[in-house]
Amino acid sequence: MIAYILFSVLAILPLLLYLRNRYVFTDFRYATAMIKIAMQMAKFKKRKPFYSILDSFLDKVAKQPNKQFILFEESSYTYSQADKESNKVARALSTHAHLKEGDTVAVFLGNEPQFVWTWLALAKLGCTASLLNCNIRSKSLLHCFSCCEAKVLVAGEDLQGAVEEVLPALKEQGVRVFILSEHCDVEGIESFSDKIQQASDQPLSPQLRANINMSSRALYIYTSGTTGLPKAAVINHERLWLSSFFQSMVGIRSNDIVYVYLPLYHSAGFLMGLCGAMEKGITIVLKRKFSASNFWNDCRKYNITVIQYIGEIMRYLCNTPKRDNDRDHKVRLAMGNGIRTDTWAEFLQRFGDIRICEVYGATEGNIGFVNYVGKVGAIGKEHFLHKMGCKYALIRYDTEKEEPVKDSRGFCIEVPRGETGLLVAKIGERAPFVGYAKNQQQTEKKKLRDVFVKGDLYFNSGDLLRIDDEGFIFFQDRIGDTFRWKGENVATTEVADHLLMVDCVEEANVYGVKVPGHEGRIGMAALVLKENMDFDGQAAYQHIKHYLPSYARPRFIRIQNALLLTGTFKQMKRKLAEEGFNLAAVTDPLFYLVDNKGYVPMTQEIFDAIAEGRTRL
Ligand SMILES: *[C@@H]1O[C@H](CO)[C@@H](O)[C@H](O)[C@H]1NC(C)=O
Ligand SMILES: *[C@@H]1O[C@H](CO)[C@@H](O)[C@H](O)[C@H]1NC(C)=O
């Protein structure tokens with residue numbers, strides 16, 4: 001009898017657990033994955049000689065030499081071919097650039113196989129690669145160069161013009177410049193493709209990289225600040241390993257084929273895409289750049305099963321004209337970040353049953369989250385194991401003063417569950433923050449001291465998040481992506497979401513602008529209209545009046561032909577905010593919201609009345 005009761009209780013135990021927490025099984029699966037990764041990391045840390053992601057790649061070469069590694073346009077390269085190609089590059093670099101362990105080489109290349117060979121080559125020589133954004137030019141380019149103190153530059157043939165622009169300064173710094181072409185007549189630039197072709201493809205001695213360890217610098221990745229010059233985030237080998245495990249955490253399998261079209265000079269493409277693939281030994285389809293019209297054709301052509309995304313990309317895909325074969329593909333998983341709730345639902349409805357896995361983390365940050373249960377709208381889910389690994393908190397933040405709110409003793413205040421706060425993560429051995437190369441000031445700016453007790457140290461993520469009762473984490477805004485008006489904080493994304501629901505609006509960029517004689521900033525939106533449609537001020541007003549409180553309504557509307565985007569597809573806001581609603585500075589059509597009436601074309605008269613304070617907003 002007792003045995004029977006015991007058995008019955010055990011039998012319903014899973015159900016009881018499930019009723020208490022619907023996600024108990026996924027939580028458990030995730031915990032298992034995390035424990036496995038933690039154990040593997042611990043093993044790697046002890047292993048002598050040091051085992052790097054390159055060694056993991058070389059193991060795959062030995063185990064599966066003929067498996068496809070990279071598919072690019074009409075070419076394909078097996079693991080063995082990739083190994084040999086990179087041996088040639090390494091030998092050419094060693095012979096002609098006289099590189100030695102610990103040197104830094106700047107890589108100025110778009111997404112192409114040569115990028116991967118060059119990186120592998122540098123790893124084989126024990127060198128650090130500085131991944132330059134191939135869209136930057138002149139002053140920014142030189143700035144990135146001097147951050148990492150590279151003595152050698154390897155550039156793509158198509159970027160020769162950009163290199164020539166800064167050549168005098170590079171010469172002055174004694175930088176050797178190699179261009180991936182057969183020959184080059186410009187003095188100071190050496191051709192490199194011919195040298196690679198002449199080099200042997202025999203393996204290089206591991207002795208060349210004998211002093212590299214977990215904390216050695218593997219890479220510099222530049223983070224595109226919305227203001228100022230790019231910052232070089234230092235990625236050491238430990239970080240490289242941890243990011244490459246993300247693929248396992250989101251459930252990528254060794255027979256998957258991953259589509260890598262995001263730039264390899266950023267962390268999403270390089271760390272999560274390329275390095276993740278090397279760690280698992282899988283096939284990637286490399287693409288020069290994103291193309292909405294070719295996206296699904298590529299997925300069909302290469303049998304792609306996993307795609308990466310950023311939110312805007314998902315919206316672009318949803319905005320393409322509907323086709324009959326929208327669901328004809330093998331994509332089963334999408335990993336990325338920043339997809340909006342409405343786009344998420346639309347994407348699934350249109351393109352079929354694809355698991356969307358949001359991951360959260362900054363290139364240089366010491367904390368990340370994974371939405372492993374696929375809850376629509378969340379960027380992650382809390383997990384107690386995670387909390388044990390890295391202590392983090394959401395603290396109260398004053399968006400007007402742009403600083404954390406302090407209590408009477410001068411410490412930060414953790415927000416109650418359900419409220420929005422700034423994510424901070426404790427810096428420690430298990431969650432280190434390496435910072436930016438040669439930029440102590442910016443590194444310090446990301447650190448918060450004396451957060452909860454005297455002497456503690458936290459990483460300031462710059463992101464405002466909210467965590468609900470079930471532990472789901474929601475992105476609210478980036479600091480600076482809110483404006484404060486009439487004592488209220490307004491999230492620009494929220495206003496943009498509503499503007500996008502207006503029939504004539506294709507894209508919306510919302511920001512706050514200063515008004516003479518007023519505190520804070522008032523809402524303004526730059527809109528791109530749908531093809532062949534005019535701005536319907538009445539429809540916009542009716543919608544906004546219905547859904548947004550008066551303080552959140554955009555008082556000014558600016559119509560643009562296209563929105564300005566940064567290199568990582570983020571909307572540019574600062575420049576627009578500076579131009580404001582001044583007719584003298586803005587040539588785009590402007591509209592002004594008259595209280596209880598609607599949007600009317602902006603006139604000099606209205607502007608003067610506001611500027612002179614005759615009209616209070
Ligand atoms: C790793 O190598 C650096 C030199 O490159 C050295 O200073 C450091 O002590 C080494 N760390 C470990 C854990 O061996
Ligand atoms: C894609 O899969 C189909 C059917 O499984 C196969 O016939 C085809 O050869 C594959 N294409 C590629 C590029 O691997």
Side-chain angles (χ1 to χ4, degrees), residues 40-55 64-82 99-105 113 122-130 148-151 205-220 232 234-242 252-261 277 280-287 291 294-307 325 327-333 351-354 366 427-435 437-438:
Q40 199 158 19
M41 265 320 271
K43 215 171 78 191
F44 286 164
K45 276 188 176 174
K46 282 204 215 101
R47 201 162 152 172
K48 288 226 157 67
F50 171 60
Y51 186 76
S52 71
I53 190 103
L54 169 69
D55 296 304
Q64 45 177 49
N66 300 320
K67 178 160 179 177
Q68 302 288 4
F69 175 37
I70 291 181
L71 308 179
F72 178 73
E73 296 177 349
E74 299 314 316
S75 310
S76 67
Y77 303 87
T78 63
Y79 271 80
S80 167
Q81 284 170 326
L99 290 180
K100 54 182 195 320
E101 193 176 9
D103 286 344
T104 299
V105 172
L122 292 172
K124 287 175 176 182
L125 295 170
C127 294
T128 310
S130 173
C148 65
E149 299 183 295
K151 283 279 162 267
S205 162
Q207 240 3 75
L208 292 169
R209 48 182 187 273
N211 297 308
I212 301 297
N213 62 36
M214 214 44 135
S215 43
S216 307
R217 294 181 170 195
L219 292 177
Y220 296 103
V234 178
I235 311 291
N236 60 23
H237 281 277
E238 178 171 12
R239 190 59 204 269
L240 210 57
W241 268 126
L242 284 172
I252 294 182
R253 304 187 281 250
S254 59
N255 59 352
D256 273 317
I257 297 176
V258 182
Y259 193 33
V260 178
Y261 62 87
K280 293 202 82 68
I282 66 184
T283 304
I284 63 173
V285 175
L286 187 64
K287 183 88 179 166
S291 152
N294 283 326
F295 192 89
W296 296 108
N297 289 335
D298 277 344
C299 291
R300 284 183 279 268
K301 178 175 166 191
Y302 298 106
N303 290 334
I304 286 162
T305 56
V306 177
I307 58 174
N325 61 353
R327 284 165 173 248
D328 172 20
H329 58 75
K330 296 199 171 78
V331 177
R332 64 171 190 92
L333 175 69
F351 298 108
D353 186 21
I354 298 172
N366 65 345
I427 298 173
E429 202 190 321
R430 271 186 289 186
F433 169 56
V434 185
K438 299 219 6 197

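Heavy-atom basis, side chains included; hydrogens, waters and symmetry copies ignored. Ligands are counted one by one from 1 in listed order, and the atoms in each one are counted from 1 as well.
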Exercise for review: Can you label the angle between the Phe295 ring and the Tyr259 ring as parallel, tilted or perpendicular, going by 30° and 60°?
Suggested key: perpendicular
Check your understanding: Is the distance between the ring centroids of Phe69 and Tyr79 under 6.0 Å?
Key -> yes
Review point. Can we say Lys301 and Glu74 salt-bridge, meaning some charged N sits less than 4.0 Å from an Asp/Glu carboxylate O?
Key: yes
Exercise for review: Looking only at non-hydrogen atoms, find the nearest pair between Asn66 and Thr78 and report the distance.
Suggested key: O-CG2, 3.6 Å
Review point. Does the side chain of Arg300 pick up a donor-acceptor pair with the side chain of Asn297 at under 3.5 Å?
Key: yes
Review point. Any Lys/Arg nitrogen of Lys151 or Asp103 sitting under 4.0 Å from an Asp/Glu carboxylate oxygen of the other?
Key: no
Review point. Would you say ligand 1 has an N or O under 3.5 Å from any N or O of Asn213?
Key: yes
Study note, to complete from the structure: Contact set, ligand 2, heavy-atom distance under 4.0 Å, ordered by chain/number, equals Lys301, Asn303, Lys330
